[in-house]
Novice: 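So that we are looking at the same thing, I have put the structure below in structure tokens.
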There are 2 protein chains.
Amino acid sequence: MTISPSAVDGAVSETAASQAFEAIKRDLIRGRFAAGEKLAISALKAEYQVGLSPLREALNRLSAYGLLEQHNQRGFRVPPLSEQELEDIARLRIQLECMALTQAMQQGDAEWESQLLAAQHRLLRADQQPSQVEQWEQAHLRFHRTLLAPCGSPWLLRFIGQLHDQFDRYRRLAPPNPAIRAQLDAQHSELVEMALDRRIQDARSLLEQHIQLSWQVAQGATGC
Amino acid sequence: MTISPSAVDGAVSETAASQAFEAIKRDLIRGRFAAGEKLAISALKAEYQVGLSPLREALNRLSAYGLLEQHNQRGFRVPPLSEQELEDIARLRIQLECMALTQAMQQGDAEWESQLLAAQHRLLRADQQPSQVEQWEQAHLRFHRTLLAPCGSPWLLRFIGQLHDQFDRYRRLAPPNPAIRAQLDAQHSELVEMALDRRIQDARSLLEQHIQLSWQVAQGATGC
DNA sequence: GGTTTTGAAATAATCGATTTTTTGCGACTA
DNA sequence: TAGTCGCAAAAAATCGATTATTTCAAAACC
């Protein structure tokens with residue numbers, strides 16, 4: 001058997017389409033494109049160094065995921081931002097993540113506790129340099145994923161991840177607020193403490209506050 | 001200005017890709033393909049009368065939607081069925097749909113009540129012929145959509161729709177159970193009554209029973 | 001005998017070119 | 001002068017062919 005790249009590094013070899021999907025997804029959440037902007041496919045082709053077919057496949061996936069709008073015969077658009085949609089996303093995040101957190105705390109085992117502490121540590125360390133935003137964002141996403149991971153519901157986690165990406169689109173466009181940011185950082189550690197102690201009600205209510213505080217920051221996105 | 005087809009009938013003109021998406025989606029939910037089956041792209045090309053590019057775009061969308069699994073360099077597969085996943089889907093449906101129902105009953109107006117009665121009537125009428133399953137399925141889906149429509153949360157409705165499609169994949173594969181079916185039909189009318197009277201608690205608990213009863217039917221899918 | 005290698009066939013992914021549809025703008029008209 | 005019309009340019013969608021990767025069965029090896 002010829003050894004495929006996937007057998008070497010354990011990861012499945014990526015196609016041009018899947019690489020383009022990941023890259024464009026990242027840039028959409030990052031706020032690289034203006035809300036409402038129409039994507040110029042030939043320009044994207046050059047920027048992401050990818051052919052037309054894989055590019056279109058990536059854009060189709062992103063549309064089904066909700067990070068793009070697809071209009072028949074008139075291409076792809078970046079969805080507009082609205083205060084109202086942000087409210088929808090934030091409220092739903094609270095509902096779904098609190099649901100998942102409860103189940104995670106009931107079902108999480110020692111292995112989970114370890115991974116949660118590891119994720120917390122990575123988040124604290126990544127926090128230092130303001131130049132490496134992308135590093136922190138990745139650690140932050142991973143922290144929240146780890147927190148809810150053992151909830152036992154793949155579909156719930158899927159929806160939460162999707163909403164998180166939508167929410168981050170707003171948050172990352174908003175002007176930073178150091179005071180609130182410090183509070184949010186503190187809450188991450190408090191969440192870990194409560195999770196380890198299985199203080200379900202406390203953790204739920206803190207997670208709700210956490211999302212509401214982020215929401216407050218994210219609201220700055222629709223102002224500009 | 002040349003009058004485009006869309007300007008005539010009010011609908012946006014469809015592309016080959018979007019038509020293929022709808023057709024294959026319908027067939028996946030219908031159970032036309034075996035669970036776990038690998039899709040033969042060249043065969044699909046012939047069956048859906050569509051070229052390779054639009055077909056692949058449709059399959060990419062379906063993967064992002066969750067009705068297919070995409071594995072890099074090895075094509076598309078129909079997701080396997082499992083008792084466990086069905087449980088996940090059903091439980092989450094209960095949570096999300098009860099949430100939406102509460103809000104819909106609080107916010108629904110007279111127009112909603114009219115549309116709900118209309119949807120109920122269509123469902124009862126479609127029920128008659130056992131030959132036209134597809135008609136009933138459409139009316140049924142529409143009834144449940146109408147019931148929750150005024151909840152005010154587009155994202156919640158999106159997730160509910162997605163879960164409903166997943167659930168139906170199981171339900172439609174399961175052997176029919178006339179006794180339970182009669183109960184389910186009765187519940188639809190009861191739900192309308194409670195919705196009109198704004199008996200929120202009653203309606204929530206009935207909707208939960210309704211989903212649990214459907215779940216019982218759907219469990220027959222993993223047996224065969 | 002069981003495992004590994006090999007290579008042809010099958011399949012997936014991508015490319016380049018073509019077709020179809022929309023868009024933008026200037027001329028025409030009431 | 002506001003509203004149509006028509007045409008050229010631009011963009012989207014699709015096609016047909018090509019390239020890359022996987023699969024599978026037979027041959028070689030230990």
Side-chain angles (χ1 to χ4, degrees), chain A residues 1-25 28 33-34 36-64 67-79, chain B residues 1-25 28 33-34 36-64 67-79:
Chain A
M1 181 215 294
T2 307
I3 292 181
S4 71
S6 49
V8 174
D9 54 19
V12 172
S13 62
E14 296 235 315
T15 63
S18 64
Q19 285 178 307
F21 172 82
E22 294 298 341
I24 300 173
K25 178 183 172 187
L28 281 165
F33 305 97
E37 178 184 347
K38 179 168 163 185
L39 295 185
I41 295 203
S42 53
L44 294 184
K45 222 176 58 149
E47 296 193 48
Y48 292 97
Q49 303 273 44
V50 72
L52 190 61
S53 309
L55 176 58
R56 285 190 56 90
E57 292 191 9
L59 298 180
N60 271 279
R61 290 189 218 178
L62 286 164
S63 302
L67 277 172
L68 282 179
E69 287 178 354
Q70 186 165 26
H71 300 283
N72 284 339
Q73 314 284 17
R74 44 196 76 173
F76 299 86
R77 279 192 175 282
V78 180
Chain B
M1 181 217 293
T2 307
I3 293 179
S4 71
S6 47
V8 174
D9 55 17
V12 172
S13 61
E14 298 233 315
T15 62
S18 64
Q19 285 178 307
F21 172 82
E22 294 299 341
I24 300 173
K25 178 183 171 188
L28 281 165
F33 305 96
E37 178 185 347
K38 179 168 165 185
L39 294 184
I41 296 203
S42 53
L44 293 184
K45 221 176 58 149
E47 296 193 46
Y48 292 96
Q49 302 272 44
V50 73
L52 189 62
S53 309
L55 176 58
R56 284 190 57 89
E57 292 191 9
L59 298 180
N60 271 278
R61 290 189 218 178
L62 286 164
S63 302
L67 277 171
L68 282 179
E69 287 178 355
Q70 185 165 26
H71 300 284
N72 284 339
Q73 314 284 16
R74 43 196 77 171
F76 300 87
R77 279 192 175 281
V78 180

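Residue numbers start from 1 in every chain, and the chains themselves are labelled A, B, ... in the order their sequence lines are given, proteins ahead of strands. In what follows, every heavy atom counts, from backbone to side chain, and hydrogens, waters and symmetry copies are set aside.
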Novice: Which nucleotide sits closest to the side chain of R74(B): dA13(C), dA13(D), dT23(D)?
Specialist: dT23(D)
Novice: With a non-hydrogen cut-off below 4.0 angstrom, is K45(A) in contact with a base, only sugar-phosphate, or nothing?
Specialist: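 No contact.
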Novice: Between atom NE2 in H71(A) and atom C1' in dA11(D), what is the gap in whole Å?
Specialist: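 From H71(A) NE2 to dA11(D) C1': 15 Å.
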Novice: Between V78(B) and A34(B), what is the shortest heavy-atom contact and its length?
Specialist: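 Closest pair (atom of V78(B), atom of A34(B), distance): CB-O, 3.4 Å.
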Novice: Considering every strand and a 4.0 Å limit on heavy-atom distances, what is the contact class for A17(A): base, sugar-phosphate, or nothing?
Specialist: sugar-phosphate
Novice: Using a heavy-atom distance cut-off of less than 4.0 Å, which residues of residues 48-57 of chain B contact DNA chain D?
Specialist: G51(B), L52(B), S53(B), P54(B)
Novice: Base, sugar-phosphate or nothing for L59(A)? Non-hydrogen atoms, less than 4.0 Å.
Specialist: nothing
Novice: Tell me the closest heavy-atom pair linking A17(B) and R61(B), and the distance in Å.
Specialist: CB-NH2, 3.6 Å
Novice: Figure out the CD/P separation between Q73(A) and dT21(C), and round it to whole Å.
Specialist: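 Roughly 6 Å, once rounded to whole Å.
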Novice: Would you check if Q70(A) and L59(A) make a side-chain contact, meaning some heavy-atom pair closer than 4.5 Å?
Specialist: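 Not touching, per the 4.5 Å side-chain cut-off.
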Novice: Counting C-beta onward and ignoring hydrogens, is there a side-chain heavy-atom pair between E57(B) and F21(B) closer than 4.5 Å?
Specialist: no
Novice: Can you tell me the distance, in whole Å, between the CG atom of N60(B) and the C1' atom of dA13(C)?
Specialist: 11 Å
Novice: Given that both pair distances must be under 3.5 Å and the pair must be Watson-Crick or G-U, what runs of three or more consecutive pairs involve DNA chain C?
Specialist: C:1-30 with D:1-30
Novice: Let me know the distance between CG of L39(B) and C1' of dT11(C), rounded to the nearest Å.
Specialist: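 Result: 13 Å.
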Novice: What are the two closest heavy atoms between L52(A) and K45(A), and how far apart are they?
Specialist: N-CD, 3.8 Å
Novice: Indicate yes or no: at least one non-hydrogen side-chain atom of F76(B) is less than 4.5 angstrom from one of I24(B).
Specialist: no
Novice: Under 4.5 Å between any side-chain heavy atoms of Q19(A) and P54(A), yes or no?
Specialist: no
Novice: Could you tell me how far apart I41(B) (CD1) and dA13(C) (P) are, to the nearest whole angstrom?
Specialist: 6 Å
Novice: Are L44(B) and F33(B) close enough that some pair of their side-chain heavy atoms sits under 4.5 Å apart?
Specialist: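 They are in side-chain contact.
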Novice: Send over the distance from Q19(B) CD to dA13(D) P, rounded to a whole Å.
Specialist: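 Between P of dA13(D) and CD of Q19(B): 13 Å.
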Novice: Provide the closest heavy-atom pair for A16(A) versus V50(A) in the form atom of the first, atom of the second, distance.
Specialist: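 That closest heavy-atom pairing would be CB-CG2, 3.8 Å.
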